Amino acid sequence: MMDLNIGLLNAFNKVRYVICIGAFIGLGISNTTAQSTFSFSALADFEYAKAGSKSHYYYNEIDKDAIDGSFSIAQLNLMGRVNINKQWILNARVLLERDKGQKVDNFAIPQLNIQWVSKKRKVGITVGSFTNPFGAFNQKQLSTQRNFIGLPLAYGYYNNISSNIGFVEDMGDIAKIAIDGEVQWGSTNLYYGGYTTGAMFSWNIFPGKVNWKIALVNGASNLQKQLSGPLQYGVISRLKIRPTYFWEQGFSVSHGTFYQSSEVSDQLDEIVNFKQSMLGMDFKLGKGYFEFTGEVIGSFYKVPQFNEDGLAFEVNTINAPLSLSNLAVNLDIKYELPFIQGSYIAYRIDHLRYSKLENSSTQKWDNNVLRHSFAIGYHINQYILTRATVSTQQVDNKEWDKKLGTFRLMLTAHF
């Protein structure tokens, strides 16, 4: 079975290479075929950040060595699109960014896909690496599409579940478990990068009013390492409706596996119970100078428990994994200043609430989090956007409660 997984994994990687070669062929076609077009854009984020004394990338996106103030490049992006003809499209994004809030040395091609759409734009099929269709925030991949610099908690706060070892209480800050030479800090409910790999079908049931997407992908929505072993599976779907011109509503579901092989893999059975299911509801209301957006996401996990002292899985939880869940809620309120064109102010309230451990009436599997964020932004011109955000963060039952505040200032150049 493992050999089969490796073979399928290699096949997926070959598909990526084929798409990449196809992109170059498409570029050549675009230069010779009248109906083909090529377009590209670029974006660069420059950021100054300062944070509270107990800050850490895994809790508020600010590295512990940068709390006294640091200025650096946050991201460099190059996006390309080849319209081979009216029905076939190639999409690509090349990214260079900070690795876990530190050095700018994380190079990736998060988006690389080929897309077919019907002549009347009613249905479409996408194959390759594409934006995870779950929820509304995933659709805002570029910083120019976001009012705040920081991510909502569901996308940026690491909880006590690791894709290598499952559940460990106080993972990272107290329980420092090194697997394959890397200390485990858990994972976010949704992968912050917002991309996944597989095939997606989209259907404009009523154009401009009702749209449905369903994707078969390589793992659950929290899986961070794309196309790594063993091979995973996942299904993600979103229904988006627009009852009126000022109201957009979305409903999403996601289910998949997310185990990543490591030095302790031999302790597990061939079929591993690392599963995540999610239900989500998102909305957008906008009228006049006001805009209200938000998401409610329930995440449900099936994972074994890992013993820190023995560096082994709890035997009774391997075939009967723990059932853990949390609820993430965020609400953004934005107001565009009518007397300064291109400017806005915004407020976000963000909450992450965890369920109790099995067989416990009081102990939760992680600590509830509450964050308040304030932002201001101004489009200096059509190519330059500047933003500043301030946030406060409270974490239950932690000594570093109320010491995770942040100040972030970002300048974005794009064309």
Side-chain angles (χ1 to χ4, degrees), residues 1-2 5 54 56-59 64 100 153-154 157-191 219-225 228-234 255-278 299-328 352-369 395-401:
M1 178 63 73
M2 183 61 72
N5 282 342
K54 296 296 183 180
H56 202 296
Y57 171 79
Y58 298 100
Y59 297 141
K64 59 184 176 58
K100 296 181 175 62
L153 290 171
Y157 188 87
Y158 283 66
N159 57 48
N160 291 331
I161 293 177
S162 164
S163 59
N164 295 125
I165 57 177
F167 169 72
V168 176
E169 186 179 350
D170 295 321
M171 187 184 299
D173 64 314
I174 296 176
K176 298 188 182 299
I177 303 172
I179 300 296
D180 294 334
E182 183 179 358
V183 175
Q184 300 297 294
W185 282 88
S187 62
T188 58
N189 284 342
L190 291 103
Y191 168 49
S221 289
N222 68 332
L223 188 65
Q224 296 197 8
K225 295 182 179 179
S228 58
L231 186 67
Q232 307 295 328
Y233 73 87
H255 175 75
T257 59
F258 62 93
Y259 177 69
Q260 300 285 283
S261 60
S262 68
E263 64 185 67
V264 296
S265 297
D266 58 356
Q267 301 179 26
L268 299 167
D269 296 336
E270 187 175 359
I271 298 175
V272 184
N273 287 317
F274 281 66
K275 298 178 181 178
Q276 184 208 48
S277 301
M278 292 197 305
S299 300
F300 309 88
Y301 296 89
K302 290 284 189 180
V303 290
Q305 185 168 357
F306 195 76
N307 187 300
E308 175 188 2
D309 297 326
L311 291 181
F313 291 93
E314 298 285 357
V315 177
N316 63 320
T317 67
I318 292 179
N319 294 319
L322 299 177
S323 295
L324 307 174
S325 64
N326 65 41
L327 180 68
L352 194 53
R353 189 171 190 86
Y354 293 87
S355 68
K356 293 182 177 64
L357 278 171
E358 293 183 11
N359 303 319
S360 174
S361 60
T362 57
Q363 185 183 2
K364 296 187 175 184
W365 65 274
D366 211 323
N367 303 280
N368 296 342
V369 188
V395 183
D396 289 354
N397 306 315
K398 287 293 185 179
E399 64 171 2
W400 30 264
D401 185 20

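Note that the coordinates shown come from a computational prediction; the quantities given were computed from them, not determined experimentally.
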With heavy-atom distances below 4.5 Å as the criterion, would you say the side chains of Leu223 and Gln232 are in contact?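 Sidechains of Gln232 and Leu223: in contact.
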
Just do the side chain to side chain contact (heavy atoms under 4.5 Å, CB included) check on Asn160 and Val168 with the steps written out, would you? CA-CA 6 Å; Asn160 291 331; Val168 176; 5.9 Å; no

Are Val264 and Asn164 close enough, and set up right, to give a side chain to side chain contact (heavy atoms under 4.5 Å, CB included), and what steps lead you there? CA-CA 8 Å; Val264 296; Asn164 295 125; 5.7 Å; no

How close do Gln267 and Phe313 get, counting heavy atoms only, and between which atoms? OE1-N, 3.0 Å

Do Lys100 and Tyr58 have side-chain heavy atoms sitting under 4.5 Å apart? yes

Salt-bridge test for Asp170 and Lys398: reply yes if a basic N is under 4.0 Å from a carboxylate O, no otherwise.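 Answer for the salt bridge query: yes.
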
Would you say that Leu352 contacts Tyr354 through its side chain, given a criterion of any heavy-atom pair below 4.5 Å between the two side chains? yes

If we ignore angles and hydrogens, is there a donor and acceptor under 3.5 Å between the side chains of Tyr301 and Gln276? yes

Taking side-chain contact (heavy atoms from CB on, under 4.5 Å) as the criterion, tell me which of Asn159, Ile161, Asn222 meets it with Asn189. Asn159

Please walk me through it: do Met278 and Ser221 pass side chain to side chain contact (heavy atoms under 4.5 Å, CB included)? CA-CA 8 Å; Met278 292 197 305; Ser221 289; 3.5 Å; yes

Return yes if some donor-acceptor pair links the side-chain N/O of Ser355 with the main-chain N/O of Ser325 below 3.5 Å, else return no. yes

Between Ile179 and Ile165, is there a side-chain heavy-atom distance shorter than 4.5 Å?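 In short, these two side chains touch, coming nearer than 4.5 Å.
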
Rounded distance [0.5 Å steps], CG in Asp173 versus OH in Tyr158: 15.0 Å

Which atoms form the tightest heavy-atom contact between Pro321 and Glu358, and what is the distance?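 For Pro321 versus Glu358, the nearest heavy atoms are O-OE2, 4.3 Å.
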
Within-4.5 Å side-chain heavy-atom neighbours: Val303 and Trp365: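 Answer no - side chains too far apart.
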
When rounded to the nearest 0.5 Å, the distance separating OG1 of Thr188 from CG of Leu153 is 11.0 Å

Within this structure, what is the CD-CG distance for the pair Gln305 and Leu357, rounded to the nearest 0.5 Å?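 The distance works out to 7.0 Å.
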
Taking the side chain as everything from C-beta on, heavy atoms only, tell me whether Phe274 gets closer than 4.5 Å to Ser163.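 No - every pair of side-chain heavy atoms lies 4.5 Å or more apart.
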
Are Phe300 and Ser323 close enough that some pair of their side-chain heavy atoms sits under 4.5 Å apart? no

Please round to the nearest 0.5 Å and tell me the distance separating atom CD of Gln224 and atom CG of Leu190. 10.5 Å

Nearest-0.5 Å distance that lies between atom CD in Glu169 and atom NZ in Lys364: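 One gets 14.0 Å once the value is rounded to the nearest 0.5 Å.
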
Residue pair Ser265 / Glu263, side-chain heavy-atom distance below 4.5 Å: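 Not in contact.
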
One pair to check against side chain to side chain contact (heavy atoms under 4.5 Å, CB included): Trp185 and His56. What are the steps and the verdict? CA-CA 11 Å; Trp185 282 88; His56 202 296; 3.5 Å; yes

With rounding to the nearest 0.5 angstrom, report the CZ to NZ distance, Phe167 to Lys302.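 Here the rounded value is 14.5 Å.
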
